[in-house]
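One structure is given below, encoded as C-alpha cells.
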Amino acid sequence: MDRIKITGGAKLNGMIPISGAKNAALPLLIASLLTADRLTLKNVPNLADVNLLARILRNHGVDLAVDGKRATPGPLLGETFHLSARDIVDTTAPYEMVSRMRASFWVLGPLLARCHQAKVSLPGGCAIGTRPVDLHLVGLKALGAEIDIDRGYVLAKTPAGGLRGAKVIFPKVSVGATMNVLLAAALARGETVMENAAREPEIGDVAECLVKMGCLIEGIGTSTLRIQGRDRLEGAVHTVLPDRIETGTFAFAVAATGGDVVLTGAKAVHLQTALDALASTGTQVIETESGIRVVRNGAGINPITVETQPFPGFPTDLQAQMMALMTTAKGTSVIRETIFENRFMHVQELARLGADIQLSGDTAIIKGVRGLTGAPVMATDLRASVSLVIAALMAEGETTINRVYHLDRGFEQLERKLSGCGAQIERISAG
Ligand code: UD1
C-alpha cells in the first residue's frame, strides 16, 4: 500500500488548478444511463472513485471512451468522457462494486426509470456513520417503484408504464436521495416536485445537465425542485463544475502553512460559508478573475466556532480540514458535526501529531497548541486523510501517512499540486 511522506514547515506559494468536482462527476456519469444517445462530460477528474464507477457503468452496458491519455503530466484540465448507453445489458449493480463506493447506489433511480427494474446492492463507502438509504427508497416509492430488500440487495420494479411523477417531501436533507430521485424523475411520466431537496452545487450541476438532455427543471439551486419528466432524453455536452471541497482543502492548507496561493478555476460562491469562516481566522481570501487567492503571512490563526450544515452551511466534507487548521490556533475552537455521527476519526490521528482535542458527543473542542510534530499516522476516510496532510504540512519534522488509497478516491494529483507550491511531499510506492 502506498504511503505519503511529508516534511512540514514549508510555506505554500504559487498556483493550484482546481479539478472537476468528484461529487458532481459521479452522478453526471450515472446520468448517461438515462439516454441511448451520447453524453459527453468534460473536466472529469481522474480519481479512483471515477474509475470504479466507470467499471460499474460498463457492466450495465455503457460504452465509455476517454479522450487523450490518462494521467499524463501537463496542465490539469480534466478529462473528457464520452458515454453511450444505447443498450442496457444488465440492471444489476453487484455488491463487490457498490460496497466500495456509496455513490454507485445512485444508479438505482436511472436504471429503474429507464429499464423499469433494477437490483442494486446496499452501499458501502467511507465508514463515517450508518448512512442508511431509507430516504432514497421513500422517494422512489413515491414515484411508484415497488421495492423489496433481500439479502443485502434492493430489488425494485415499476408498475406497467414506468415511474410517474409525484410529490416527494424529504423529512431530512439528503444529497444522495435528492440525486437519486432527480435522476429517476427525469424519465418519469409527468411532474415531480421535491421539497426539502438538498441544494448542494453538485445537484444544480446535474440538474443543468438534465436540462441540456431535454428535461424541464425549475427551482435549480433551491430546496424545491420541479421536474417535468420526459419519455426519452437526448445526448448532451456538459462540463463538470470545479470541486469546492478540493478548493476549501487547499485554502485551509495555505492558511495552515502560511503563504500566498491562487486556486485557479475555483468558484467562491460554491463555498462562501467555509471561506467566511476561513477569513475569520485571520486569513485573507480574495476573489480574483481566475479563481480565489488565499494569503496568510505571519499573523497567528484565530480560533473559531463552527457547525456543519447542509449547503449553503459549512460543509461536513471540510470539517476535518478545518479541525487540522485549528490545532495550532491562538485559543480554543469548537467544531460541531451535525451531518454524520461518526466523523471524528481524524481526531486520534491528529493527536499523534500533538493536537489537543476533546470530543463530547457531536462536538470537538480544540485547544490550539504551539506547534505540531511529525509522526506516523493512518488515513481513515477520504476527508479525514486530507486533514492529516494539512496537519503534516504544519508539523515540524516528518510525517508518514499510511493507507493513502483513501486520498486517491477523491483528490486528483494531490502531491503534485502541493509540491508545485513548495510543499515537501512525496509518495512512497508499495512497489
Ligand atoms: C454526499 C456526499 C458526501 C457528503 C454528504 C453530505 C457524494 C458522492 N457524497 O453523501 O461527500 O459528505 O453528501 O454533504 O456526493 N441519510 C439518511 N437516510 C438516507 C440518506 C441519508 O438518514 O436515505 C442521512 C445520512 O446518514 C446523513 C445525512 O442524511 O446523516 C446526510 O447524508 P447525505 O446527504 O445523503 O450524504 P450522501 O449523499 O451519502
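Side chains are part of it too, since the values below use all heavy atoms of this structure and drop only hydrogens, waters and symmetry mates. All ligand and atom numbering here is 1-based and tracks the order in the structure. Count residues from 1 along the sequence.
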Practice prompt. Look at the aromatic rings of Phe105 and His136 and report parallel, tilted or perpendicular, splitting at 30° and 60°.
Written response: perpendicular

Practice prompt. Please say which of Leu28, Asp205, Asp317, Val175 ends up in a side chain to side chain contact (heavy atoms under 4.5 Å, CB included) with Asn23.
Written response: Asp317

Under 3.5 Å: N/O of [X] near N/O of ligand 1:
| X | value |
| --- | --- |
| Thr316 | no |
| Arg383 | no |
| Ile339 | yes |
| Ala177 | no |
| Pro132 | yes |

Fill in: Heavy-atom gap Trp106 to ligand 1 smaller than 4.0 Å
yes

Item to complete: Could you establish whether Arg343 and ligand 1 come within less than 4.0 Å of each other, counting only heavy atoms on the residue side?
Response: yes

Discussion item. Out of Leu135, Asn23, Leu382, Asn180, who is nearest to atom 23 (O) of ligand 1 when you count heavy atoms only?
Written reply: Leu135

Discussion item. Please state which option from Glu341, Arg102, Lys172, Lys22 has its nearest heavy atom closest to atom 28 (C) of ligand 1.
Written reply: Lys172

Worksheet entry | Residues Lys22, Glu202; criterion salt bridge (charged side-chain N to carboxylate O under 4.0 Å, His left out); working and verdict | CA-CA 9 Å; Lys22 169 180 89 75; Glu202 294 76 22; over 6 Å; no

[X] bridged to [Y] by N-O distance under 4.0 Å:
| X | Y | answer |
| --- | --- | --- |
| Glu246 | Lys417 | yes |
| Arg403 | Asp408 | no |
| Arg232 | Asp37 | yes |
| Arg343 | Glu337 | no |

Worksheet item: Which ligand 1 atoms, with their elements, are less than 4.0 angstrom from a heavy-atom of Gly176?
Response: 35 (O), 38 (O)

Worksheet item: Taking non-hydrogen atoms only, is Asp317 closer than 4.0 angstrom to ligand 1 via side chain, backbone, both or neither?
Response: side chain

Worksheet item: Counting distance only, does the side-chain N/O of Thr308 pair as donor-acceptor with the main-chain N or O of Thr338 below 3.5 Å?
Response: yes

